[in-house]
Engineer: 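Sending over a structure as structure tokens; questions will come in a sec.
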Amino acid sequence: MQTPTDGVLTPKGTSRESRNIPLPSGGFTNGGFHSVRRNTPFGKAPSKRRIPQNSHLEEILDPSKTAYILHKQWSLYSVTPLHKFSYKNLKDYARLLSAQILAEKQKGVAFEVGAEMTMKASFSYFPGLKGKDNDSGAVFVQVASKPPFSKPGTEDRIVWSGWFCCTFGDDDVLEMLPEAMVCLPLFLVHGAETLTAVVGSWFQKSFDCCFGKLPISSRDLAWMTALWAGCEMHEYVAATELVFSVPVEPHMDISYAIHPEDFKSLWSDINKGQDEVTAEEVDILFHGLYSHFFRHFKIHLSATQLVKVSTSVASAHCDGKIKFLSKEHLVRVLGLLTELAMNNIQY
């Protein structure tokens with residue numbers, strides 16, 4: 001549904017059949033991984049959340065890596081701390097991971113890039129994604145391929161990318177970890193699951209860590225809607241779109257789009273703090289949206305499940321998928337995702 005300039009909802013289109021692709025309930029399948037999600041003291045539902053301010057560390061963001069991150073769909077994982085990981089050894093790690101990928105290929109593992117292709121891993125430090133000075137620095141991992149007899153100067157083709165980060169990490173958790181542990185709780189992946197499994201398995205064996213899928217609950221999607229509502233945009237501006245799953249057979253989704261100015265006006269009437277959002281404000285926001293929708297379409301959205309949120313800042317799906325749409329708010333989004341990842345881990 002879409003809100004025109006007069007503020008009245010009109011159909012955007014008929015309800016559509018869901019195209020969601022279900023994820024496995026556990027972690028990586030061929031690496032012996034399992035979910036690390038547990039009930040922890042850090043996983044309690046918050047009564048309020050701070051809106052992270054822009055960090056001075058963003059000034060050193062690598063423009064090429066930032067451009068590569070934007071507008072791609074990334075799968076989310078949580079990661080336990082890495083034991084004896086060293087930023088000084090990134091070249092060695094690249095060599096060892098490349099050897100592991102080659103060994104798996106020789107065993108007959110299909111990587112969907114062509115049997116004749118050679119693959120090589122690379123590690124790089126990704127400055128600028130810290131929220132504060134004591135966060136661990138982000139690490140970017142890529143796997144590239146090219147034909148074995150390619151001409152000199154032929155560029156490698158990136159077939160898989162992943163990155164670890166800690167943005168506005170929980171100080172209580174960071175302070176209690178021993179010096180030998182590096183906390184990079186959020187892992188984002190773009191690429192084939194077979195390569196994700198091999199890379200994840202290598203990290204587990206090398207640094208005694210464990211990965212788990214990171215789904216996003218309907219409640220956290222609602223929080224994202226509110227937290228991103230007040231973000232000032234100087235680039236890309238789009239409608240806020242909420243997708244709800246209807247519990248009927250055959251399965252159907254309802255798409256509810258709100259004009260950016262209408263949504264901003266609604267949120268400014270609700271949000272009282274400049275640097276925080278409360279759970280009560282999130283409830284008031286969605287109560288207003290539900291009531292408005294019911295007046296026009298006589299459908300109770302409260303009986304459905306919120307499965308996707310798309311704004312000018314980012315697009316997030318309950319299956320643990322994220323697409324970053326704004327460079328200026330990238331670190332803010334990573335701050336919330338880091339919180340969710342840390343809540344998904346038992347320390």
Side-chain angles (χ1 to χ4, degrees), residues 27-33 36 57 60-62 64-66 68-69 72 74-107 109 111-113 117-130 134-146 155-167 169 174 177-212 214 334 338 341-342 345:
F28 301 118
T29 52
N30 31 340
F33 287 77
V36 296
L57 300 169
I60 55 175
L61 271 173
D62 183 325
S64 61
K65 284 192 175 71
T66 304
Y68 183 83
I69 284 173
K72 285 184 175 64
W74 298 89
S75 298
L76 303 175
Y77 295 84
S78 59
V79 192
T80 57
L82 310 181
H83 183 242
K84 293 186 176 180
F85 178 89
S86 173
Y87 293 91
K88 298 178 181 179
N89 298 331
L90 296 185
K91 288 186 178 179
D92 292 334
Y93 298 155
R95 176 176 53 81
L96 293 170
L97 179 55
S98 297
Q100 180 65 35
I101 294 172
L102 177 60
E104 293 296 326
K105 186 177 179 182
Q106 290 173 342
K107 292 178 184 177
V109 177
F111 290 117
E112 302 172 7
V113 297
M117 294 290 188
T118 59
M119 288 186 286
K120 183 179 180 181
S122 64
F123 282 62
S124 58
Y125 182 60
F126 195 168
L129 293 183
K130 291 183 178 183
N134 64 331
D135 287 337
S136 299
V139 176
F140 208 65
V141 184
Q142 288 188 312
V143 177
S145 74
K146 65 179 179 180
E155 290 189 6
D156 294 349
R157 183 170 67 93
I158 303 300
V159 295
W160 184 94
S161 298
W163 41 298
F164 297 82
C165 72
C166 179
T167 308
L174 298 178
L177 291 176
E179 290 186 8
M181 308 295 282
V182 175
C183 186
L184 292 167
L186 180 63
F187 183 44
L188 304 96
V189 171
H190 177 75
E193 288 190 5
T194 49
L195 269 171
T196 302
V198 172
V199 174
S201 179
W202 181 85
F203 267 91
Q204 176 176 282
K205 294 174 183 176
S206 300
F207 305 109
D208 195 23
C209 60
C210 188
F211 292 72
L214 183 58
L334 288 173
T338 296
M342 296 183 87
I345 297 168

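What you see below is based on every heavy atom in this structure, not just the backbone, and it leaves out hydrogens, waters and symmetry mates.
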Engineer: Can you tell me how far the CH2 atom of Trp163 sits from the OG atom of Ser124, to the nearest 0.5 Å?
Structural biologist: 12.0 Å
Engineer: If you look at every heavy atom in Met342 and Gly169, which pair is closest and at what distance?
Structural biologist: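 For Met342 and Gly169, the tightest heavy-atom pair comes out as SD-CA, 3.8 Å.
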Engineer: Looking only at atom types and distance, does a side-chain atom of Ser201 sit under 3.5 Å from a main-chain N or O of Ala197, one as donor and one as acceptor?
Structural biologist: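 A pair under 3.5 Å: no.
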Engineer: Under the side chain to side chain donor-acceptor pair (under 3.5 Å) rule, collect the residues that match up with Asn89, sequence neighbours excluded.
Structural biologist: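 Result, side chain to side chain donor-acceptor pair (under 3.5 Å) vs Asn89: none returned.
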Engineer: Verify side chain to side chain contact (heavy atoms under 4.5 Å, CB included) between Asp62 and Phe140, making sure each step is shown before the conclusion.
Structural biologist: CA-CA 11 Å; Asp62 183 325; Phe140 208 65; over 6 Å; no
Engineer: So, the side chain of Thr167 versus the backbone of Leu129: is there a donor-acceptor pair under 3.5 Å, distance only?
Structural biologist: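 Side chain of Thr167 to backbone of Leu129: a pair is present.
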Engineer: Decide yes or no for Trp160 and Val189: does some side-chain heavy atom of the first lie under 4.5 Å from some side-chain heavy atom of the second?
Structural biologist: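 Sidechains of Val189 and Trp160: in contact.
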Engineer: Quick check against the 3.5 Å criterion: does Ser145 have a side-chain atom that pairs as donor or acceptor with the backbone of Met119?
Structural biologist: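 Absent.
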Engineer: Quick one: does Thr80's side chain have a donor or acceptor within less than 3.5 Å of a partner on Cys210's backbone?
Structural biologist: yes
Engineer: Using a 4.5 Å cut-off on heavy atoms from C-beta on, say whether the side chain of Leu188 contacts that of Cys165.
Structural biologist: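 Contact flag for Cys165/Leu188 side chains = yes.
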Engineer: Can you tell which of Tyr125, Phe126, Phe164 makes a ring pair (Phe, Tyr, Trp, His ring centres under 6.0 Å) with Tyr87?
Structural biologist: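 Looking at Tyr125, Phe126, Phe164, the match for Tyr87 under the ring pair (Phe, Tyr, Trp, His ring centres under 6.0 Å) is Tyr125.
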Engineer: Tell me, yes or no, whether the heavy-atom count around Lys120 atom NZ, taken from other residues, nucleotides or ligands under 6.0 Å, exceeds 12.
Structural biologist: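 Atom NZ in Lys120 is not packed in, count stays at 12 or less.
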Engineer: Can you see which heavy atom on Thr196 is nearest to which on Gly191, and at what distance?
Structural biologist: OG1-O, 4.2 Å
Engineer: For Ala144, what residues pass the side-chain contact (heavy atoms from CB on, under 4.5 Å) criterion, not counting sequence neighbours?
Structural biologist: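 Scan of Ala144 (side-chain contact (heavy atoms from CB on, under 4.5 Å), adjacent residues dropped) gives Asp156, Ile158.
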Engineer: How would you list, by chain and number, every residue that makes a side-chain contact (heavy atoms from CB on, under 4.5 Å) with Lys72, sequence neighbours excluded?
Structural biologist: Tyr68, Trp74, His190
Engineer: Would you name the heavy atoms of Cys183 and Leu177 that are closest together and state the gap between them?
Structural biologist: CB-CD1, 3.6 Å
Engineer: According to side-chain contact (heavy atoms from CB on, under 4.5 Å), who are the partners of Ser122, at least two apart in sequence or on a separate chain?
Structural biologist: Gln142
Engineer: For Pro185 and Ala341, which heavy atoms make the closest approach, and how far apart are they?
Structural biologist: O-CB, 3.4 Å
Engineer: Looking only at non-hydrogen atoms, find the nearest pair between Leu184 and Ser136 and report the distance.
Structural biologist: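 Where Leu184 meets Ser136 most closely, the heavy atoms are CD2-CB, 3.6 Å.
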Engineer: What distance separates Leu334 CG from Ile69 CD1, expressed to the nearest 0.5 Å?
Structural biologist: 7.5 Å
Engineer: Nearest 0.5 Å please: distance from the NZ atom of Lys105 over to the OG1 atom of Thr194.
Structural biologist: 12.0 Å
Engineer: List in chain and number order the residues that pass salt bridge (Lys or Arg N to Asp or Glu O under 4.0 Å) with Lys88, two or more places apart in sequence or in another chain; answer none if no residue qualifies.
Structural biologist: none
Engineer: Sequence neighbours excluded, which residues qualify as side-chain contact (heavy atoms from CB on, under 4.5 Å) partners of Ala180?
Structural biologist: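 If we apply the side-chain contact (heavy atoms from CB on, under 4.5 Å) test to Ala180, skipping adjacent residues, the hits are His83, Lys84.
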Engineer: To the closest 0.5 Å, what do you measure between CZ (Phe211) and OG (Ser78)?
Structural biologist: 9.5 Å
Engineer: So, for Cys166 and Asp135, which heavy atoms are closest and what is the spacing to 0.1 Å?
Structural biologist: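 Shortest heavy-atom separation between Cys166 and Asp135 comes out as O-CB, 3.2 Å.
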Engineer: Only counting residues at least two apart or in another chain, list the ones meeting ring-ring contact (aromatic ring centres under 6.0 Å, His included) with Phe207.
Structural biologist: Phe85, Tyr93, Trp202, Phe203
